[in-house]
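The structure under discussion appears below in the form of structure tokens.
Whatever order the structure lists ligands and atoms in, that order sets their numbers, starting from 1. Predicted, not measured: the structure shown is a model, and the values here were computed from it.
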Amino acid sequence: MQDLKTRGETSNPHEAPWRAPEAGGKVHCYLCPRHCHIGEGQAGFCFIRANEGGKLYSLGYAHPAALQIDPIEKKPLNHFLPGTRVFSMGTAGCNMGCFFCQNWDISKSRADQVRSSYVPPEDVVTLAIRNGCPTIAFTYNEPTIWGEYVVDICHAAKESGIKTVMVSNGYIAREAFHDIYDHIDAANIDLKAFTETFYGRTTLTHLQPVLETLQWLKNETNVWFEITNLMIPTLNDAPPETRALAEWILENLGPDVPLHFTAFHPDFKLRDKPKTPPETLHAARRTALDVGLHYVYEGNIYSDGAHTSCPSCKAVVIRRSWHDVEENHLVDGCCPSCGLAIPGRWANSPGDISARSSPEAEAAAAERYGELNL
Ligand code: SF4
């Protein structure tokens, strides 16, 4: 494993870590389980790690293609700073090949095929503070593939008390896992299905590495994490598969990891499947609760399955409508009715966010990024 040497370099081309030279000018990228062996002048599967002159470069570094402010519930994270805004960003490219990708306009593009702005790590933090966001999310495309940019933003964010979130497909190599996740506060990992057939045919990847990432998160980090399963009619919504997925989570991660069943809409190469019927999500949620998971949600529909209920006394402790928090009754992270501690990260400590951005930095950011219209 190589030392990260990404701090302080803010201009392209940005040399990428997690690489090893090979014969004939090739470079082995071992950032994710694809282990691309990239020839001179070529890029890896993800498009944004490229071999130029026998060196590996990260083409997405400091060049986000999407910047937006979202509710944290949209990631989705229901047990992490509920009701707050999150500064959300993504680049071009992806290391999976999901036929149903809902952000395919950037994830299936090369770095030179998207409109992007130059935003160095320190400026990401300044923009988050300016926009009242206590958290920065690496999202929209797969953040693992721009892991060195993620790490540098995390360093800058930590200095200002800003939290960081990975919204990820979980497809990361063991060699890079701690380099990135040791700096992260929270994550939502897509568990896209619970069959190798689905992963192989519909995402062009494999299931087992994603399960291993979830186990590493549970056993080796303090990252707060939740899981999303997008349910696609006829492809991954069979009740026995849902039960097996929930049982695996219970057995390997415990009952308190929140699980989100979310609704699919036809997109990209998967337009022949209908939207997920709400009843599919209701049934999946009932199954996962029956299995013994404590916090199971329904997403992308209006549903009572968006609320957080106390698993002991069943009182609704957080009431939501889609991504909006309508009521939050938690008292110091506990159920107000029976006192049970509800797992999660419920509040930033007072004073967590420092007033690090100077008036000069604010003014410079306002001038440089005013056109972003955040
Ligand atoms: S991060 Fe990109 S280049 Fe590296 S192994 Fe994965 S897909 Fe290949």
Side-chain angles (χ1 to χ4, degrees), residues 1-6 12-65 89-99 101 103-104 106-114 116 138-154 166-181 183-184 187 189-190 192 199-213 216 268:
M1 200 180 327
Q2 292 164 269
D3 286 343
L4 285 178
K5 288 186 181 144
T6 52
N12 269 349
H14 191 96
E15 205 166 344
W18 307 298
R19 88 242 176 218
E22 295 189 313
K26 281 190 168 186
V27 180
H28 172 200
C29 174
Y30 52 84
L31 171 52
C32 91
R34 284 196 178 278
H35 286 275
C36 295
H37 299 268
I38 308 169
E40 156 76 84
Q42 297 181 331
F45 180 94
C46 63
F47 299 143
I48 67 162
R49 304 182 83 77
N51 177 348
E52 290 174 22
K55 290 186 171 180
L56 188 67
Y57 290 99
S58 170
L59 306 183
Y61 190 92
H63 280 84
M89 57 192 297
T91 72
C94 190
N95 60 349
M96 284 196 173
C98 302
F99 293 176
C101 183
N103 289 325
W104 58 271
I106 57 171
S107 70
K108 298 303 161 207
S109 298
R110 297 193 314 257
D112 61 357
Q113 291 175 319
V114 294
S116 64
F138 313 117
T139 177
Y140 304 136
N141 73 328
E142 175 49 44
T144 297
I145 64 170
W146 38 287
E148 54 283 300
Y149 187 28
V150 165
V151 170
D152 285 358
I153 294 168
C154 287
M166 288 281 279
V167 180
S168 173
N169 59 29
Y171 214 55
I172 184 169
R174 176 72 187 169
E175 291 86 343
F177 175 78
H178 280 287
D179 290 343
I180 295 176
Y181 280 93
H183 305 285
I184 295 291
I189 304 294
D190 268 345
K192 294 172 189 278
Y199 265 89
R201 288 185 185 161
T202 316
T203 77
L204 311 183
T205 56
H206 301 283
L207 169 61
Q208 187 58 30
V210 181
L211 299 181
E212 289 172 4
T213 297
W216 300 335
F268 194 40

Assess whether atom CH2 of Trp104 is packed by more than 12 heavy atoms of other residues, nucleotides or ligands within 6.0 Å. no
Can you check whether Thr144's main-chain N or O pairs, donor with acceptor, with Asn95's side chain at less than 3.5 Å? no
Mind checking whether Tyr61 and His14 have parallel, tilted or perpendicular rings, split at 30° and 60°? parallel
I'd like to check the side-chain hydrogen bond (donor to acceptor under 3.5 Å, both in side chains) partners of Glu22; sequence neighbours left out, ordered by chain and number. His37
Is the backbone of Tyr181 close enough, under 3.5 Å, to the side chain of His183 for a donor and an acceptor to pair up by distance? no
Please indicate how many protein N/O/S atoms are found closer than 2.8 Å to atom 2 (Fe) of ligand 1, with waters neither displayed nor included. 1
Donor-acceptor under 3.5 Å (Asn169 side chain, Glu142 main chain): no
